[in-house]
Amino acid sequence: MLRSLHIENIAVVKSADIELGLGFTVLTGETGAGKSVIIDSINMLTGAKVSRDVIRSGEDYALSEAVFDGLSDEVASKLSEMGIDCEDGEIVVTCKMNLDGRTVNRINGRSVTRTTLKEIARLLISIHGQNDSQMLFSKNSYYELTDSYGECFGERERYREIFRSLEETRRKLKELDTDEEEKARRRDMLEYQIKDIDSKRLKVGEEEALESEKLRLKNIEKINKHINFAERVLSGGERGGDVAYMLSRASESLGKISDVVPKAGELAEKLMDMSYEVADVADEVKALSDMDSENADDKLDKIESRLEVISSLKRRYGRDIEAILAFRDKAAAELDAIESADENAEKYRIEIARLEKDAMAAALELSHKRRIAAEKASKGIMDVLAYLDMPKVKFLIDVKQSDTLTSYGCDKIEFLVATNPGEPMMPMSDIASGGEMARIMLAIRSVLNEKDGVSCSVYDEIDTGISGKTSRKIGIKLHSIAADSQVLCVTHSAQIATLADSHFLISKKEVEGRAQTSIRLLSYGERVEEAARILGGISITEAQRQAARDMLDNKSE
């Protein structure tokens, strides 16, 4: 429900706060006092276009902010899907318009687009009046209202599961159903690419190994020079004997004195170990000198050629060998899909035929339940319209089947109305006047018992142009609806105002030379005076006060 509304710098309102509760709340006041400001403020919060003329003269901005709480789990879930967190079932909606006409919308402090604000507002509040009855113009709402009334959501969800599978299978078939010439061109290209890569017999790590060998061969003269020198030194060919032999001789000499010099024995062992190790190193150095029996230039040419092959493939298929091989695997998978496309397409066609049959069966089951609900609801709405002194109005929730399946089934639902005898039934949005729309909407909501899920409804001057008797009946219906939800009504009717659970007075006075509107909750005595004012003329009589008391005390009449 709408728990509180804060307004700043909107028309004649400098600043105002309204704390609201459940049940039926009315707002009254003299003409020009600023009742429309409340509607403008709420309209801002629903994402409706509002002229920047609403900004109070001399101010830089207009602000409307509302706190909604007590949100149902269903509404909280839908808001969560939109990325809006409803902690403890509460959200704060803010709309600020600047002088340049730019509007900033926020939900719980987070900026949102006007489109998102509209979607969220539809879950929170509905406004009905002379110029605004959004639900009557929203075709999707017809499905929601009818399905809610008929408790058809189980059947609808079963249908939608099949329909989603059907749409997905159709999408897969469409992807396969490409132009045959294009398919042939693509097949030839994939076959060429796979053959091109396979013919080069690439191996992971090959390029790195080739680059390393290339570097070695480019430095072969330097390598051989130093290997030869090391070999000569180790073998004794460079001013001395064999290094290993010399170390072993030194070890033997020290070993002969180990009985008198214990340390000499330890050193002898170390020298012997070193001689063995030096001998091993000498053998490995000698082996290095034999590594390139082939011509280094020939080997280098072969490596350069292989690296160029790899580089050419990299330019076409990927940044390295791993990427090239991954490209090859992907191309092979696509080629396999193309070659098996005809077989897969036939499988998809068979599956689509089965799903279409199942979807139509589920849609017809849903349609049957809708028709029963529509017939019952239409009768109930016409009964309420007759009660609201519109006995000649005909109303019909028209459910027509078609062969086309949509996310809502096989039905096209339209709300039809004929406001005068002899006139054909027409879509409600085409012929209903402002006052008629408000009462029709009231009848719809009365019968459907707020099953649209919106917990707050606002009715703007629903009593315009109707008699006191009809106004009283409208008030009784509003009070009935408010038993299960929150209803706000801006009214000029004492018959409606005296039925409310809460009554706010909107008044205007001069403050520091400027008109300023204030809003306050009335006590029982103040409600009597306000109702008597609405009933009376220039001066209020005791008879008018008594009439007001009678209406306040007898809310069932």
Side-chain angles (χ1 to χ4, degrees), residues 118-119 122-123 126-160 163 359-388 390-454 457 459 462 477 481:
K118 281 184 173 182
E119 292 176 3
R122 275 196 285 267
L123 300 173
S126 57
I127 302 174
H128 316 287
Q130 295 290 313
N131 300 309
D132 187 4
S133 193
Q134 295 176 354
M135 190 175 294
L136 304 185
F137 299 99
S138 172
K139 303 297 184 182
N140 289 346
S141 69
Y142 298 163
Y143 293 97
E144 299 299 328
L145 289 168
T146 306
D147 290 348
S148 293
Y149 182 78
E151 298 180 350
C152 303
F153 287 124
E155 288 80 2
R156 193 170 85 179
E157 186 53 36
R158 284 193 292 274
Y159 163 76
R160 282 186 170 176
F163 183 73
M360 182 56 74
L364 291 173
E365 182 182 356
L366 172 60
S367 179
H368 175 70
K369 197 167 184 179
R370 276 176 177 162
R371 285 173 175 274
I372 294 173
E375 183 179 352
K376 184 178 178 181
S378 297
K379 184 180 182 304
I381 290 168
M382 286 186 64
D383 289 343
V384 176
L385 288 170
Y387 174 79
L388 296 176
M390 299 177 74
K392 296 182 180 180
V393 173
K394 293 182 180 180
F395 180 88
L396 176 66
I397 299 178
D398 186 37
V399 181
K400 287 184 177 177
Q401 292 179 1
S402 82
D403 295 331
T404 302
L405 296 175
T406 70
S407 61
Y408 284 100
C410 63
D411 297 320
K412 179 181 179 182
I413 299 180
E414 188 72 75
F415 281 15
L416 303 177
V417 65
T419 55
N420 295 302
E423 291 182 352
M425 302 288 282
M426 298 286 288
M428 186 164 49
S429 57
D430 291 347
I431 62 174
S433 67
E436 288 169 336
M437 281 198 295
R439 276 189 280 174
I440 292 170
M441 195 69 243
L442 175 58
I444 292 171
R445 296 180 72 80
S446 177
V447 171
L448 300 183
N449 196 28
E450 295 292 313
K451 286 189 177 180
D452 58 0
V454 178
S457 304
Y459 291 86
I462 194 173
K477 282 299 177 186
I481 292 173

- Query: salt bridge (charged side-chain N to carboxylate O under 4.0 Å, His left out) between Glu155 and Arg158: does it pass, once the steps are laid out?
  - Reply: CA-CA 5 Å; Glu155 288 80 2; Arg158 284 193 292 274; 3.7 Å; yes
- Query: Taking C-beta and beyond as the side chain, do Met360 and Cys410 meet within less than 4.5 Å on heavy atoms?
  - Reply: yes
- Looking only at non-hydrogen atoms, find the nearest pair between Lys400 and Arg371 and report the distance. CA-NH2, 4.2 Å
- Within a strict 4.5 Å, meaning less than it, do heavy atoms of the Lys376 and Tyr149 side chains meet? yes
- Just how far is it from atom CD of Glu414 to atom CE of Met426, taken to the nearest 0.5 Å? 10.0 Å
- Output the distance between atom CD (Glu375) and atom CD1 (Ile397), rounded to the nearest 0.5 Å. 11.0 Å
- Flag the pair Leu416 / Pro427 as yes when at least one side-chain heavy-atom distance between them is below 4.5 Å, and no otherwise. yes
- Query: When rounded to the nearest 0.5 angstrom, what distance separates CZ in Phe153 from CZ in Arg160?
  - Reply: 8.5 Å
- Query: Is the side chain of Ser367 donor-acceptor paired with the backbone N or O of Ala363 at a distance under 3.5 Å, no angle test?
  - Reply: no
- For the pair Tyr143 (side chain) and Asp411 (backbone), establish whether a donor and an acceptor sit closer than 3.5 Å, ignoring hydrogens and angles. yes
- Rounded to the nearest 0.5 Å, what separation is found between the CD atom of Glu144 and the CZ atom of Arg156? 4.0 Å
- Message: I want to check something: taking the side chain as every heavy atom from C-beta on, are Asp147 and Arg370 in contact at a cut-off of under 4.5 Å?
- Response: yes
- Message: For the OH atom of Tyr142 and the CG atom of Asp398, what is their distance to the nearest 0.5 Å?
- Response: 11.5 Å
- Can you check whether Met425 reaches Phe415 side chain to side chain, under 4.5 Å on heavy atoms? no
- Query: Between Gln401 and Leu364, is any pair of side-chain heavy atoms under 4.5 Å apart?
  - Reply: yes
- Closest approach of Val393 and Met382, non-hydrogen atoms and distance? O-CE, 3.7 Å
- Quick one: closest heavy-atom pair of Cys152 and Lys369, and the distance? SG-CG, 3.7 Å
- Query: side-chain contact (heavy atoms from CB on, under 4.5 Å) with Leu442: which of Ile381, Leu385, Ile481?
  - Reply: Ile481
- Query: Going by heavy atoms in the side chains, are Phe395 and Met390 under 4.5 Å from each other?
  - Reply: no
